[in-house]
Amino acid sequence: MTKQKLLSKIPSVDELVKNPRGEKWLKRHPRRTVLKAIRTVLDAKRKEILKQGLAGELPIDQISSDIGKEISRLAAYRLKPLINASGVVIHTNLGRAVLSDKAKENMLHVAGSYSNLEYELSQGKRGKRYSHIKDIIKELSGAEDALVVNNNAAAVLICLNTFAKDMEVIVSRGELVEIGGSFRIPEIMESSGAILREVGTTNKTHLSDYENAVSGNIALLLKVHQSNYKLLGFTEEVSIKELVKLGRTYMIPVMTDLGSGCMIDLRQYGIYDEPAVQDVVRSGADIVTFSGDKLLGGPQCGIILGKKKFIQKVQENPLLRAVRVDKLTLAALEATFMQYLDEERACKEIPTLNMLTQPLENIKRRARRISSALKKGISGLADVAVISDRSRAGGGSLPEADFPTFVVSIRPHKISLNALERKLRNTDPPVIARIKDDALLVDARTLRDREVRTLVNCIISALS
Ligand SMILES: *Cc1c(COP(=O)(O)O)cnc(C)c1O
C-alpha cells in the first residue's frame with residue numbers, strides 16, 4: 001500500500017473515541033488524557049509511515065492497543081514504590097526510610113481529617129504544632145527541649161542563623177563534609193550568614209586548635225558527624241565532651257550535627273559504634289541536630305534538641321516559618337518515636353532498624369526462598385545461586401561499615417547483565433539491584449518477606 005493510502009486510512013481522533021473501546025477509556029480516564037494518548041499514538045504512526053512505509057495493512061487493532069497502553073502510562077503516578085534489592089538500607093535516591101506500619105496508619109489517620117495541629121484542646125485556643133512531639137522526644141533523648149523542622153539541612157541552617165549570624169563558628173577541617181552532593185557544611189554556613197572559622201587539618205584536629213581560635217567574635221563551636229566518609233589511620237578529633245568543656249570555659253555554646261541520629265545503641269547488634277543521641281545529649285552539647293529519615297527510620301524531617309533557652313531562641317527565628325514541618329510528618333514522627341519506648345519492638349517494627357538488626361539467618365532464609373522460587377520459574381534462562389556478600393547502611397550513616405549479607409546471584413544466559421539490570425528497573429514495580437563481577441546481585445537484607453513473591457515475578461518477566 002502506498003504511503004498516501006496508508007495515511008488516509010488512519011482513523012480520526014473522533015472515530016477512535018466514538019467506538020465501544022473509546023467509550024470505555026473515557027469512562028475510566030479524564031478526556032484530556034484519552035485525547036493526548038490518541039494523538040501521541042497517531043502521530044507516531046504517521047511519522048513511521050512517512051519514514052519507512054508499512055508492510056501490509058494499517059494495523060488498527062495494534063493502534064488501539066497502543067493507545068490503551070499510552071493511557072495507562074499517562075494515568076500512572078510518576079512517583080511510585082519500588083523494590084530495593086540493592087542492600088543499601090538508607091538509600092537517599094530510593095526515598096530513605098521506609099515508614100513503619102504504625103507511622104503510616106497515624107499519618108493516614110491525621111491526613112483525612114481536621115486535627116488539633118495548632119489548637120490547644122484543654123484551653124480552647126491557639127496552640128503550637130511543635131508541642132505534640134516535644135514530650136516524647138524529651139523523654140527518649142533526655143534533652144530539655146526539642147523542635148522539629150523540614151529536614152536536617154534546615155535544622156542546621158536555622159540553628160546557625162539563630163546563634164551565629166554575622167559571627168564566627170569554629171569547625172574542624174576534618175568535618176567540612178559534603179553530603180549527597182547538595183549539602184556542604186561551608187555552603188550551608190554561608191547561607192545562614194555565619195562565618196566559617198576552620199581549624200586543624202583534614203586528618204588531625206586538637207583541642208588546642210579550637211582553643212587558639214577562640215576570640216570575642218566566636219558564637220558557636222560546631223561538631224559535624226563525618227557521615228559518609230571515615231578517616232582511617234593517623235587521625236585525631238576532639239570529642240564532644242572535650243568541646244563542651246571548652247565551650248563552658250569560654251561561655252560559647254556547642255552544637256553538634258549528628259546527621260543520622262541513632263536512638264538505640266547499635267553496638268549490641270554487633271554493628272557499629274554510631275553515637276547514640278542520648279549519649280550526645282548527656283555529654284552536655286547545647287544543641288543537637290539529626291535527620292528523621294536516616295537511622296531513626298521515620299519521615300523526612302530535622303530534629304533539634306537542646307537546652308530550653310536555645311530551643312526558645314530558634315523558635316523565635318522568623319526562618320522557622322519557612323522550614324515548618326508538615327502535619328503528616330508530625331503524625332508519622334510521633335508514631336515512630338512512640339515505638340522507641342520499647343526498643344526490642346522498635347527493632348522489629350521499624351523497617352530501617354529491622355533491616356539493620358535482623359539476624360543473618362533470616363536474610364539467608366529469604367535469599368533461599370527467592371532463589372528456589374526463581375529456579376522453578378526460569379528453567380535454563382539463568383544460573384541462580386545464594387552467596388554471601390556485604391551490604392551497606394548508606395544515607396550518610398555508619399561510614400565504611402558494611403555488614404555480612406546474603407544475596408541471590410543471577411547470571412542470565414540469553415541477555416546481557418546490563419540488559420537484565422535495565423529491564424528490572426522497568427518492571428512493575430521496578431526492582432533496583434546491583435551488578436558485581438559477572439552477576440546481578442539481589443540483596444535479601446533490604447527486602448521484606450511480603451515482597452518476595454512480587455520480586456520473583458519481576459525477575460522472571462525480565463529474564464523471559
Ligand atoms: C544527612 C546529613 C545532613 C542532611 O540531612 P537531611 O535530613 O538530608 O537534610 C546534614 N548533616 C549531616 C552530618 C548528615 O549526615
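As the structure lists them, so they are numbered: ligands from 1, and atoms in each ligand from 1.
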Q) Under 4.0 angstrom from ligand 1, any heavy atom of Asp257? A) yes
Q: Salt-bridge test for Arg365 and Glu361: reply yes if a basic N is under 4.0 Å from a carboxylate O, no otherwise.
A: no
Q. Does the side chain of Ser172 pick up a donor-acceptor pair with the side chain of Glu237 at under 3.5 Å?
A. no
Q.
Under 3.5 Å between any N/O of Val156 and any N/O of ligand 1: does that happen in this structure?
A. no
(Q) To the closest 0.5 Å, what do you measure between OG1 (Thr405) and CG (Asp443)? (A) 3.5 Å
Q. So among Asp438, Asp383, Asp437, which one has a side chain to side chain donor-acceptor pair (under 3.5 Å) with Arg411?
A. Asp438
Q: Pick one of side chain, backbone, both or neither for how Arg184 approaches ligand 1, counting any non-hydrogen atom pair under 4.0 Å.
A: neither
Q: Quick one: do Tyr340 and Ile136 satisfy side-chain contact (heavy atoms from CB on, under 4.5 Å)? Show the steps, please.
A: CA-CA 9 Å; Tyr340 276 90; Ile136 183 79; over 6 Å; no
Q.
List ligand 1 atoms under 4.0 Å from His225, heavy atoms only on the residue side.
A. 13 (C)
(Q) Within ligand 1, which atoms have a heavy atom of Arg96 less than 4.0 Å away? (A) 6 (P), 7 (O), 8 (O)
**Q.** Interfacing atoms of ligand 1 (cut-off 4.0 Å, heavy-atom, Ser291)
**A.** 5 (O), 6 (P), 7 (O)
Q.
Could you tell me, atom by atom, which parts of ligand 1 come under 4.0 Å of a heavy atom of Phe183?
A. 10 (C), 11 (N)
Q.
Check this for me, if you would: do Glu120 and Lys125 make a salt bridge, where the nitrogen-to-carboxylate-oxygen distance has to be below 4.0 angstrom?
A. no
Q. Side chain, backbone, both or neither: which part of Lys294 has a heavy atom under 4.0 Å from ligand 1?
A. side chain
**Q.** N or O pair under 3.5 Å between Asn152 and ligand 1
**A.** yes
Q.
Go through it in stages, so that I can follow the logic: the residues are Glu70 and Arg73, the test is salt bridge (charged side-chain N to carboxylate O under 4.0 Å, His left out), and I'd like the CA-CA distance, side-chain angles, deciding distance and then a yes or no.
A. CA-CA 5 Å; Glu70 180 64 10; Arg73 200 184 66 80; 3.1 Å; yes
